[in-house]
Amino acid sequence: MFFVLPPNGQIKNLSYLRMSINVAYKESSRALTLPRFFKRGRPWLWLFILLIAGSLAQIGIGQRELFNPAGLPLTGQFFAAAFAPARDADILALTFTSSLITLAYAVCGVAVSLVIGIGGGILSSEVWWLAHARGASTRAPWVVTRALLAAPRAMHEVIWGLFFINLFGLDPLVAILALGIPFGATTAKVYGEILDETPRAPLYALLHAGTAPHTAFLYTLLPQAAPQLLSYAFYRFECALRAAAVLGLIGAGGLGFQILLSLQALNYDELWTFLYALCVLSALTDLWSSQVRLALEARGAHAANSFTLKPRWTSLFLKMSLLAALLLIPGSFIVVAANFGKLVEPRTFELLADLAARSVPPNLDAARLPKLFFLAAQTLAMSALAIALAGGIGILTSYFAARNLMRSPFERVTLILTRALLLLWRAIPAPIWALLCLFVFFPGILPGAIAIAIHNAGVLGRLMAETIENANARPLRALTALGAPKAQAVLYGVMPLTLPQSLAYTLYRWEVGVRETVVVGMVGAGGLGLLLQEQLSSFDYRGIIVTLFAFFVLTFIVDVMSASARKALR
Amino acid sequence: MFELENVSVEFENVAALRDVTLRVGQGERVVLVGASGAGKSTLLALLNGSLLPTRGRVRLLGKNFAQLSRAEQRATQRHIGSIYQQFHLVPNLPVIHNVNAGHLGAWSFARAAWSLARPSQRETARRALAQVGIAEKIDARTESLSGGQQQRVAIARVLVQNPQAILADEPISSLDPERGREIMDLLRDISVHSARTLVCSLHAVEYALTHFDRVIGLRHGQKVFDLPTAQVSPHLFDALYQTP
């Protein structure tokens with residue numbers, strides 16, 4: 001973890017993303033040298049090249065047919081419909097209610113994840129346990145909590161959703177828990193890290209004056225960390241909206257569900273109405289969330305007065321946003337009308353016991369292991385290829401999406417178009433992209449990889465553009481002043497500053513990508529996801545347990561690789 | 001009030017204090033002087049119970065601190081207030097909550113939580129702030145205050161805590177000379193008016209003779225002298241800061 005600690009010991013860098021990605025760049029000394037990645041990270045570079053080569057070999061380029069020309073007319077119809085979406089009153093009304101449902105699911109999911117996140121975050125922070133036990137070794141409890149949180153995080157929301165459908169049937173509760181639990185575990189991990197990075201002197205001052213630890217926490221670490229905790233909660237809300245759309249695909253309702261229905265019915269004009277609605281919803285939440293996060297940062301760094309809004313307006317905006325959030329939460333729970341009673345119904349426990357009984361013993365049939373191993377390797381290859389593509393596309397597009405680089409009228413138009421494209425890419429869930437890719441590609445890991453790549457390029461392009469906008473502007477100014485053409489100035493004055501961070505984002509996104517392989521796999525793109533789909537439809541629970549475990553191990557491997565490669569980047 | 005018997009403190013085999021014995025009575029005003037690393041902060045950490053000695057015995061308010069239960073330790077610590085060089089306030093909370101933090105030893109969790117929404121005992125906080133001269137800052141964001149004002153907030157927190165003894169670890173080291181004088185005057189007045197014990201460590205010795213009635217000199221973790229202010233001569237100070 002890296003933080004810029006100003007002399008007064010107060011944390012100014014509120015960006016949890018920049019924080020959790022651990023990229024420290026020394027602005028001046030790094031200005032005109034190659035990113036260190038190419039020096040110390042060379043083993044990693046070769047490993048990635050090997051992985052990509054492996055995945056290309058897996059796909060079997062040049063050995064079998066990948067491209068399906070028969071799907072081209074359909075693709076043509078699909079894109080033609082983009083210019084003529086359905087606009088009749090029924091569809092618009094349906095679009096509106098579906099959007100509300102998706103939004104409500106996202107809000108409820110985030111609310112649940114925040115409850116888990118705050119509780120789990122406190123319990124998995126080192127400082128909580130240090131504050132309770134004096135002097136003695138307190139390593140065990142928080143290490144155990146962190147380990148417990150790793151398992152729910154490894155499973156994609158859709159897997160959670162399929163699990164809960166077995167318990168609760170088609171109840172809105174399924175989507176809320178499927179969102180809340182994995183998001184809660186992730187939030188808990190980040191919150192624990194934030195709490196551990198918060199200056200502890202005020203906490204200890206109160207503890208040494210005889211205050212009980214939980215009260216001391218309430219008056220020191222929690223308010224100190226509050227801006228960062230809140231900022232991350234809003235970021236989670238952005239993610240939850242996309243996840244809520246994906247959960248629609250497994251029957252949770254809302255926009256995702258309508259998209260799937262119209263895609264299956266080949267109603268492309270309706271489909272585009274829903275897709276546009278998803279884009280608008282996504283754009284609005286992204287905008288709200290990014291403005292809140294900006295305002296929180298500006299408030300933390302009030303002395304620096306680098307912010308454009310007046311402090312009074314910043315404060316008002318934050319208050320209104322909080323109020324809106326507080327109204328949205330109960331409103332959403334009412335709209336969704338989940339049956340929370342099912343959580344404690346005896347029937348639920350019967351089903352759970354039944355499910356557990358049918359899942360043991362895990363089917364460890366030796367004959368099936370080679371296939372499992374092969375599929376795991378295929379999944380890893382899919383994720384590596386997808387993320388390499390997403391990173392590459394993201395880096396290329398980010399320069400055209402950075403406001404500080406695009407100033408002339410022509411460039412402004414390019415900027416808007418690039419941003420719109422990035423929005424479309426990330427607003428449409430990866431499994432929908434996968435279904436579209438299956439029009440023109442034969443099933444396999446290639447369409448899956450492309451689908452994940454498109455969706456994540458949209459996410460990464462935006463993050464990387466933000467990095468470029470936040471980078472030290474002086475090298476670029478100096479190079480422009482000495483008459484360097486724009487492209488060269490960017491190459492020497494911007495890229496060296498931002499590339500390490502962009503690569504770090506890409507690696508970080510790999511962890512997300514490998515989890516997404518399971519959903520694109522389930523719609524037919526291959527890998528462990530496809531196996532899981534087959535096992536689910538044949539109720540092979542003893543096999544499912546093994547597949548899930550393989551998936552858990554795979555996620556763990558990718559997390560470790562991504563984290564150590566990011567460390568090499570520093 | 002405080003008793004140390006043959007106390008030594010070691011941090012990973014580096015001795016911070018060596019065989020120190022001393023006793024501080026009710027209402028005494030004691031200053032600890034010595035160079036950086038002489039053991040002043042370590043000694044103060046023993047006195048507020050945030051550190052336990054490696055060897056020897058520490059009695060706080062007449063009780064052998066190391067042998068108390070956790071709850072008893074906290075009850076003892078509530079009667080000892082501390083002020084630090086870096087204030088140790090929560091920067092993004094309004095001043096009143098930092099002052100009210102002095103109540104937390106006595107408040108229940110629910111009451112403390114409710115007070116964050118609607119500050120309770122506002123009048124007590126206002127009086128404490130008035131006593132340190134910044135009553136008008138009660139609702140200001142703490143980080144918007146100057147260093148001297150923040151140290152006053154920290155003192156107001158101790159006033160609200162209403163301890164029997166006040167410990168001050170280099171309270172003026174991060175302030176300019178004028179602010180430093182004001183804070184030292186304030187600490188002395190508080191101690192004199194309420195007959196509270198004051199133990200203060202100072203890096204510079206200029207206030208040692210004017211504001212305290214007893215001076216303890218530390219060097220390399222050992223007590224070099226322990227005299228009433230009247231008997232301290234300048235050459236004693238010189239010896240403290242000499243390099244061996």
Side-chain angles (χ1 to χ4, degrees), chain A residues 5-12 14 118 122 130-136 195 198-231 296-305 311-312 314-315 318 322 326, chain B residues 44-45 47-52 66 70-94 97-116 141-144 147 150 154 157-158 160-161 163 166-167 169 174:
Chain A
L5 275 181
N8 64 0
Q10 200 195 323
I11 293 176
K12 290 279 166 63
L14 283 178
I118 290 169
I122 288 177
L130 282 180
H132 275 78
R134 303 156 37 93
L195 287 174
T198 305
R200 295 174 190 186
L203 172 74
Y204 282 118
L206 292 196
L207 289 176
H208 296 155
T211 307
H214 46 290
T215 319
F217 244 68
L218 189 69
Y219 268 73
T220 54
L221 286 194
L222 289 181
Q224 280 169 276
Q228 279 171 283
L229 302 181
L230 203 61
S231 168
L296 283 167
E297 281 193 44
R299 202 153 173 251
H302 72 112
N305 67 32
R312 201 157 51 91
T314 313
S315 175
L318 281 176
L322 260 174
L326 289 180
Chain B
L44 283 170
L47 297 187
N48 74 6
S50 54
L51 184 71
L52 297 176
R70 190 69 196 97
E72 289 168 328
Q73 285 184 339
R74 279 210 288 271
T76 308
Q77 286 178 313
R78 266 171 231 161
H79 298 293
I80 302 164
S82 298
I83 291 161
Y84 305 87
Q85 180 183 349
Q86 295 295 339
F87 325 134
H88 296 189
L89 301 169
V90 179
N92 57 351
L93 276 183
H97 293 307
N98 272 309
V99 176
N100 273 350
H103 289 300
L104 292 182
W107 282 0
S108 70
F109 181 79
R111 178 160 188 200
W114 179 244
S115 176
L116 278 177
R141 238 171 117 90
T142 306
E143 65 195 336
S144 69
Q150 291 197 33
R157 174 169 76 186
V158 167
V160 161
Q161 189 189 339
I166 297 176
L167 309 177
D169 190 4
S174 49

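Chain A is the first sequence line, chain B the second, and so forth, proteins listed ahead of strands; every chain is numbered from 1.
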Q. Does B/Asn48 use its side chain to pair, donor to acceptor, with the backbone of A/Ala209 at less than 3.5 Å?
A. no

(Q) So for B/Phe109, is it side chain, backbone, both, or neither that comes closer than 4.5 Å to the heavy atoms of chain A? (A) both

Q: Would you mind checking which part of A/Leu218 comes under 4.5 Å of any heavy atom in chain B, side chain (CB onward), backbone (N, CA, C, O), both or neither?
A: both

Q. Which heavy-atom pair separates A/Gly210 from B/Arg78 by the least distance, and what is that distance?
A. O-NE, 3.3 Å

**Q.** Shortest non-hydrogen contact between A/His132 and B/Arg70, atoms and distance
**A.** O-NE, 4.5 Å

Q.
Using heavy-atom distances under 4.5 Å, tell me whether B/Leu89 contacts chain A through its side chain, its backbone, both, or neither.
A. backbone

(Q) Would you say that B/Gln161 contacts A/Thr211 through its side chain, given a criterion of any heavy-atom pair below 4.5 Å between the two side chains? (A) no

Q) How close do A/His208 and B/Gln77 get, heavy atom to heavy atom, and via which atoms? A) O-CB, 3.5 Å

Q. Of all of B/Val90, B/Val158, B/Ile83, B/Thr76, which one pairs up most often with chain A through heavy atoms under 4.5 Å apart?
A. B/Val90

(Q) Taking side chain as everything from C-beta outward and backbone as N, CA, C, O, which of these in B/Leu116 sits under 4.5 Å from a heavy atom of chain A? Side chain, backbone, both or neither. (A) both

Q.
Please classify the contact between A/Leu203 and chain B as side chain, backbone, both or neither, with a heavy-atom cut-off of under 4.5 Å.
A. neither

**Q.** Parallel, tilted or perpendicular, as decided by the 30° and 60° cut-offs, for the rings of A/Tyr219 and B/His97
**A.** perpendicular

Q: Looking only at non-hydrogen atoms, find the nearest pair between B/Arg157 and A/Ala205 and report the distance.
A: NH2-CB, 3.8 Å

Q) Rounded to the nearest 0.5 Å, how far does OG1 of A/Thr215 lie from NE2 of B/His103? A) 13.5 Å

Q: Between chain A and each of B/Gly105, B/Ser108, B/Ala101, B/Ala112, count heavy-atom pairs under 4.5 Å; write down the option with the most.
A: B/Ala112

